[in-house]
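Notes follow once the structure below has been shown.
Chain letters run A, B, ... following the sequence lines, proteins first and then strands; every chain starts at 1.
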Protein chains: 2
Amino acid sequence: MDWLNHLPLFSLGCILNDMMNKHDMNHGSHSIGRLIFQLQRLERNPRTFGEAGTLTPSEIHAVDAIGEDGNVLMSQLAERLGVTKGAITQVIRRLEKKGIVFRGEHPEDSRAVLISLTDRGKTAYQAHLKLHQQFYQQLQEQLSPHEITIFEKCIKIFTGLLAEKNE
Amino acid sequence: MDWLNHLPLFSLGCILNDMMNKHDMNHGSHSIGRLIFQLQRLERNPRTFGEAGTLTPSEIHAVDAIGEDGNVLMSQLAERLGVTKGAITQVIRRLEKKGIVFRGEHPEDSRAVLISLTDRGKTAYQAHLKLHQQFYQQLQEQLSPHEITIFEKCIKIFTGLLAEKNE
DNA sequence: CCTATATAGTTTAGATACTATACTTTTTGT
DNA sequence: ACAAAAAGTATAGTATCTAAACTATATAGG
């Protein structure tokens with residue numbers, strides 16, 4: 001749902017609409033457009049995660065990247081989330097104020113900061129995870145293993161092409 | 001590769017990572033994470049579209065929604081792009097300054113504004129379209145019609161589930 | 001041992017993109 | 001005729017990110 005926070009039909013939606021059009025005008029021409037539209041809408045707004053309160057998309061995103069084990073460096077977070085260290089500093093500051101994460105010392109490097117989830121943060125993590133699992137279960141009910149295999153392959157090819165464009 | 005385990009995704013990436021993991025631990029567990037990563041990067045930066053110059057993602061998005069035929073109401077654009085009218089006012093103002101679009105009068109409603117692409121705007125539209133087509137062609141070379149059919153089905157189911165969550 | 005360079009993280013200003021709200025003007029329905 | 005709806009604008013605020021300059025610590029080579 002996060003993918004397309006900012007993913008307008010800049011390229012993808014239209015690309016796949018083209019693909020679907022040529023493949024089968026009647027059935028799938030607008031599938032991707034609708035998908036993107038729904039994805040955009042779903043993740044535009046903050047959400048409540050259990051008793052941890054309301055988190056913005058980038059906040060829960062960070063919580064997810066920290067994980068229950070925690071002890072993650074700021075720079076590791078930056079790499080996992082694909083943003084600059086400055087961006088991480090900002091989101092961690094907000095999460096610290098909300099009591100979702102805390103900063104710990106690194107035993108061997110005094111420059112470093114090790115980020116972990118508080119108990120409150122872990123409830124947010126769990127609430128988020130539960131959403132995933134529910135969604136996954138519903139998806140499982142409607143897709144066969146064979147279909148998942150194909151889906152996966154398509155996604156891989158797609159990603160490879162995107163990566164080329166991005167480089 | 002550890003970073004992929006906690007990828008940046010609010011929900012979707014992880015959901016599908018879960019799906020892929022259960023389906024086949026070795027092959028596809030991280031496909032979706034990578035896809036999302038690439039998509040995010042793709043949508044972050046402005047790009048150059050032919051001689052029309054550099055456009056931000058939301059700008060080319062608007063150009064795409066206006067289309068070569070143009071004569072689109074502000075409120076129609078808002079609906080197509082899934083944003084408020086206020087947001088449209090802002091992006092159209094920027095595009096007008098850049099000489100990409102112009103405002104025309106509505107013949108029967110003096111409140112209304114009909115947006116169309118200038119010649120310059122049309123070159124941006126065409127450059128964008130060409131990118132789609134190239135992408136589509138590359139995709140076609142690597143996917144069979146059967147695979148596209150499955151892909152389409154998976155996407156539809158996915159969208160249906162998302163729409164439920166959204167409503 | 002020193003010093004140059006790399007690394008960890010922060011700060012700040014500015015860009016982008018969106019919303020919500022209040023507003024003007026015009027159209028429409030009863 | 002007049003209230004309500006609709007088209008669009010303006011503005012202030014929120015969220016997110018980057019780039020660049022900065023501090024402080026670590027490390028590697030002479």
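Between B:His146 and A:His146, the angle of the ring planes stays under 30°, which puts this pair in the parallel group of the 30/60° scheme.
Between the NZ atom of A:Lys98 and the P atom of D:dA15 there is a distance of 7 Å, given to the nearest Å. Distance, B:Ile92 CD1 to D:dA10 P: 14 Å, rounded to whole Å. The separation between A:Leu114 atom CG and D:dT25 atom C1' is 15 Å, rounded to whole Å. Here the P atom of nucleotide D:dT23 and the CE atom of A:Met74 are 19 Å apart, to the nearest Å. One atom, CD of B:Glu105, and another, P of C:dT25, lie 17 Å apart when rounded to the nearest Å. Computed from coordinates, the A:Gln76 CD to C:dA8 P distance equals 9 Å when rounded to whole Å. Rounded to whole Å, the distance from CG on A:Leu81 to P on D:dT16 is 12 Å. Rounded to whole angstrom, the span from the CZ atom of B:Arg111 across to the P atom of C:dT28 amounts to 7 Å.
Of all nucleotides listed (C:dA8, C:dG9, D:dT9), C:dA8 comes nearest to the side chain of A:Asp109. Picking from C:dT10, C:dT27, D:dT16 the nucleotide with the shortest atom distance to the side chain of A:Ser58 gives D:dT16. Closest contact between the side chain of B:Lys85 and the listed nucleotides C:dT19, D:dT16, D:dA7 involves D:dA7. With C:dT10, D:dG8, C:dT27 as the choices, the nucleotide that has an atom nearest any side-chain atom of B:Val113 turns out to be D:dG8.
At the heavy-atom level, A:Thr56 lies under 4.0 Å from the strands shown only through sugar-phosphate atoms. Contacts of A:Ile88 with the nucleic acid, taken as non-hydrogen atoms under 4.0 Å apart, are absent. The residue B:Glu108 sits close only to the backbone: its heavy atoms come under 4.0 Å of sugar-phosphate atoms, none of a base. B:Ala112 comes within contact range of the sugar-phosphate backbone alone, with a heavy-atom separation under 4.0 Å but no base atom that close.
At least one side-chain heavy atom of A:Cys154 sits under 4.5 Å from a side-chain heavy atom of B:Leu143.
A salt bridge is absent between A:Arg120 and A:Glu51; no separation between the charged side-chain nitrogens and carboxylate oxygens falls under 4.0 Å.
Phosphate contact (OP1/OP2 of D:dG8, side-chain N/O of B:Ser75, threshold under 4.0 Å): present. Taking only side-chain nitrogens and oxygens, A:Arg94 comes nearer than 4.0 Å to OP1 or OP2 of D:dT16. Remark: B:Ser110 is not in phosphate contact with C:dT25, judged by side-chain N or O atoms under 4.0 Å from OP1 or OP2.
With the nearest nucleotide of DNA chain D identified for both A:Val91 and B:Gln90, B:Gln90 has the one nearer the 5' end. In terms of position along DNA chain C, the nucleotide closest to A:Arg93 lies nearer the 5' end than the nucleotide closest to the other residue of the pair B:Thr84 and A:Arg93.
A distance-only check finds a donor-acceptor pair linking the side chain of B:Glu147 to the backbone of B:Ser144 [under 3.5 Å].
For the residue pair A:Glu68 and A:Gln126, a side-chain donor N or O sits within less than 3.5 Å of a side-chain acceptor on the partner.
Scanning all heavy atoms of the two residues, the minimum distance from B:Val63 to B:Gly121 falls at CG1-O, 4.1 Å.
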